[in-house]
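First comes the structure, then the notes that go with it.
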Amino acid sequence: MVLQLYNTLTRRKERFEPIDPTNVRMYACGPTVYDFIHIGNGRMLVVFDLLFRVLRHTFGPEHVTYARNITDVDDKINARAAEEGVAIADVTERTTRQFHADAAGLLCLPPTVEPRATGHIDEMTAICELLVEKGHAYVAAGHVLFDVPSMPDYGRLSNRSVEEMEAGARVDVAPYKRSPMDFVLWKPSKPGEPSWASPCGIAEPGRPGWHIECSAMAGKHLGQVFDIHGGGIDLVFPHHENEIAQSRCAHGTAVMANVWMHNGFLEAEAGEKMSKSLGNFITVRELLDQAPGEAGRLALLSSHYRQPLPWTERLVFDSRRTLDLWYELAADADDDGEIAPEVLDALLDDLNTPRAIAAMHVLRAEAAKGSSDAKASLKASARLMGFLQSSLETWRAWRPAGVTIDETRVDALITARLEARKRKDFAESDRIRDELAAMGVQLKDGKNKETGEFETTWETKR
RNA sequence: GGCCACGUGGCGGAGUGGUUACGCAGCGGAUUGCAAAUCCGUGGACAUCGGUUCGAACCCGGUCGUGGCCUCCA
């Protein structure tokens, strides 16, 4: 089985052929750092992290370069800083720290490189110069604007023609634009806004437009043409379309990236897109407060990445239960198990995570019946996908944010209950169980697998 | 208005021209002092109408419905 990926550019699933198998290069559009990310951003992180892991497995960990940028210059950041009365850098640094914690919380590996927009201003102005030089951009009223009609196949990624877009255009047409679809590469800064020396002979200082930072960073870290570019489906137009326009016209290449991948949306209740502007979102931080990160990760991978994913508390709950079973079983599994072919095949088939997870359920059942091969395979397969990343003890010790339980007291009560049970004093035994329940502790009676002895474990109520 | 997805059992969710997806819930059983947890087993589906085909949930067309993009957005 070879890796196949769905390519937005061709609207087909295609066999993945890297430009250079010793250096497979992928780029994903990371966050604009002005606030906590929400779980839709989390889905993108997890999906491309999984792809990163699959590529590393296929081509070797040292043969994959994953660039995921941080956009730290943007109007929303400026607005947030003004609102809080703090320096812009305070907002971007704090939010970047939060973002790193959230990404790690969802078990995402750090990308190979994590470029920041503000560190690539020179590359951005260079692209502006190049585009003006080549007749694909022009200067007007202190702006550098991309000249959309100068690019014959503009709109190929989103499958729309300039005429169509103009027909339904809701964009404000600034008077200095030659064509309504032209977009900003560089714009003047107002006093108090971050600013840099402008390119193309513009005297006033300015700042970059929205799309140019990705062209600059991808070009610098991955080259003029690279393998995979990803992001949320809402980025297809205009963001990725414009990135493509800038990069291809500046570099004179036929493509910017060979494969374009886009993940679908999370849906809030009523099948509505979850988004910041609608306000119907929950943050990754809130998710990580109420469930272990791996449960959130499993929930985010529970439908195929291109499909919409209805988000419910139930989904997170079920995901956590599933992981409970995997953790319990894998605890004493061999570390050198084989990744199950069914799991790997599913992942290689355009990251078919629901199929991979179904295969894991089958392995789990076999492992539960006593197959040590299945058990080791379950562990290896789960690890490939970014699960079972901690010990059983750590997994069990997870607590929701704000919940503190006096474990010494819990242990004492459990011991007292076991003694009461031995005396067949079930009234007392049940009373203690109720007392623990009131503390938010759920008891689980069972038999020790090895000794066969009766034993009681516990967890926080869910 | 233009472009693009999607419509599978109570819920979630893969798949696909002819054979079990899978999970949760339900039901039955095992276990348990009783629960919970766990384990085993099990019923139940392919929006609608036509067409192609020996055979379609899967291909084609119409209809109905839902959602997304076209503006900041993962």
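Naming convention: chains lettered A, B, ... in sequence-line order (proteins, then strands); numbering from 1 in each chain.
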Touch class at under 4.0 angstrom, heavy-atom based, for A:M274 against every strand present: base
Check every strand shown and say whether A:L266 touches a base, only sugar-phosphate, or nothing at a heavy-atom separation below 4.0 Å. base
When we call it a touch if two heavy atoms are under 4.0 Å apart, what does A:D430 touch: a base, just sugar-phosphate, or nothing? base
Write down the distance separating the C1' atoms in B:rG61 and B:rG68, rounded off to the nearest Å. 24 Å
Mind checking whether A:H229 and A:Y27 have parallel, tilted or perpendicular rings, split at 30° and 60°? tilted
With A:S302, which of A:T322, A:V316, A:L315, A:T353 fulfils side-chain contact (heavy atoms from CB on, under 4.5 Å)? A:L315
Would you kindly compare A:A365 and A:N41 by the position of their nearest RNA chain B nucleotide and give the one closer to the 5′ end? A:A365
What does the 5'-to-3' dot-bracket notation of RNA chain B look like when only Watson-Crick and G-U wobble pairs under 3.5 Å count, and pairs to other strands show as |? (((((((..(((.....[...))).(((((.......)))))....(((((..]....))))))))))))....
So A:P31, base contact, sugar-phosphate only, or nothing? Heavy-atom distance under 4.0 Å. nothing
Looking across every strand, which nucleic acid part, if any, lies under 4.0 Å from A:G42 by heavy atom: base, sugar-phosphate, or nothing? nothing
Spacing between A:R421 atom CZ and B:rG33 atom C1', to the nearest angstrom: 7 Å
Just by distance, no angles: are the side chains of A:T71 and A:N69 close enough, under 3.5 Å, to form a donor-acceptor pair? yes
Which whole-number value in Å describes the distance from A:H229 NE2 to B:rA74 P? 13 Å
Cation-pi, A:Y327 ring and A:R396 (6.0 angstrom, 45 degrees): no
Name the pairs: protein N/O against N/O of nucleotides 21-29 of chain B, kept only if under 3.5 Å.
| residue | atom | partner | partner atom | Å |
| --- | --- | --- | --- | --- |
| B:rC24 | O2' | A:R314 | NH2 | 3.1 |

Among B:rG13, B:rC34, B:rA74, which nucleotide sits nearest the side chain of A:S303? B:rG13
How is A:H239 classified with respect to the nucleic acid when contacts are heavy atoms under 4.0 Å: base, sugar-phosphate, or nothing? nothing
C1' gap between B:rU32 and B:rG26, integer Å: 22 Å
Between P on B:rC70 and CZ on A:F183, what's the gap in Å once rounded to a whole number? 15 Å
Check the angle between the aromatic planes of A:W326 and A:H361 and answer parallel, tilted or perpendicular using the 30° and 60° thresholds. tilted
Would you say A:T8 and A:L157 make side-chain contact, with heavy atoms under 4.5 Å? yes
At less than 3.5 Å, do the side-chain atoms of A:S429 and the base atoms of B:rG33 form a donor-acceptor pair? yes
Starting from C1' on B:rC69, measure out to CD1 on A:I233 and report it in whole angstrom. 8 Å
So, are A:K177 and A:D147 salt-bridged, with charged N and O less than 4.0 Å apart? no
Taking atom C1' in both B:rC27 and B:rG43, what distance in whole Å separates the two? 8 Å
For a quick check of understanding: with a heavy-atom distance under 4.0 Å over all strands, which category does A:F426 fall into, base, sugar-phosphate or nothing? base
From CE of A:M360 over to C1' of B:rG13, roughly how many Å is that when rounded to an integer? 17 Å
Please work out if A:G446 contacts a base, only the sugar-phosphate, or nothing of the nucleic acid, heavy-atom cut-off 4.0 Å. nothing
A:R421 to A:F454 six-membered ring, cation-pi geometry met (6.0 Å, 45°): yes
Whole angstroms only, please: what is the OH-C1' distance between A:Y305 and B:rG68? 17 Å
Polar atoms only, N or O, under 3.5 Å: list the protein pairs with nucleotides 2-11 of chain B and their distances.
| residue | atom | partner | partner atom | Å |
| --- | --- | --- | --- | --- |
| B:rC3 | O3' | A:N159 | ND2 | 3.4 |
| B:rC3 | O2' | A:N159 | O | 3.4 |
| B:rC4 | OP1 | A:N159 | ND2 | 3.1 |

Nucleotide B:rA35, atom P - distance to CZ of A:R433 in whole Å: 9 Å
Taking atom P in both B:rC24 and B:rU42, compute the distance separating them and give it to the nearest angstrom. 14 Å
Parallel, tilted or perpendicular: rings of A:F183 and A:F146 (30°, 60°): parallel
Does A:R321 or A:H304 map to a spot on RNA chain B nearer the 5' end, using the closest nucleotide for each? A:H304
So what does A:K76 hit on the nucleic acid, given a heavy-atom distance under 4.0 Å: a base, only sugar-phosphate, or nothing? sugar-phosphate
When the C1' atoms of B:rU8 and B:rC58 are compared, how many Å lie between them, rounded to an integer? 11 Å
Is A:L235 touching bases, backbone alone, or none of the nucleic acid, heavy atoms closer than 4.0 Å? sugar-phosphate
When you compare B:rG15 with B:rG23, how far apart are their C1' atoms, in angstrom units rounded to a whole number? 15 Å
Atom CZ of A:R320 to atom P of B:rA37: distance rounded to whole Å? 14 Å
Aromatic ring centroids of A:H240 and A:H262 under 6.0 Å? yes
Please report the interatomic distance OG1(A:T283) to NE2(A:H38), rounded to the nearest 0.5 Å. 10.0 Å
Any side-chain donor near an acceptor of the partner, A:H211 and A:E241, under 3.5 Å: no
Using only modelled atom types and a 3.5 angstrom limit, is any donor from either the side chain of A:D445 or the base of B:rA35 paired with an acceptor on the other? yes
B:rG55 and B:rG12: how far apart are their P atoms, nearest whole angstrom? 34 Å
Distance between the P atoms of B:rC6 and B:rC60, in whole angstroms? 11 Å
Going by atom types only, do A:D74 and A:T32 share a side-chain donor-acceptor pair under 3.5 Å? no
Is a salt bridge present between A:R409 and A:E435, judged by a nitrogen-to-oxygen distance below 4.0 Å? yes
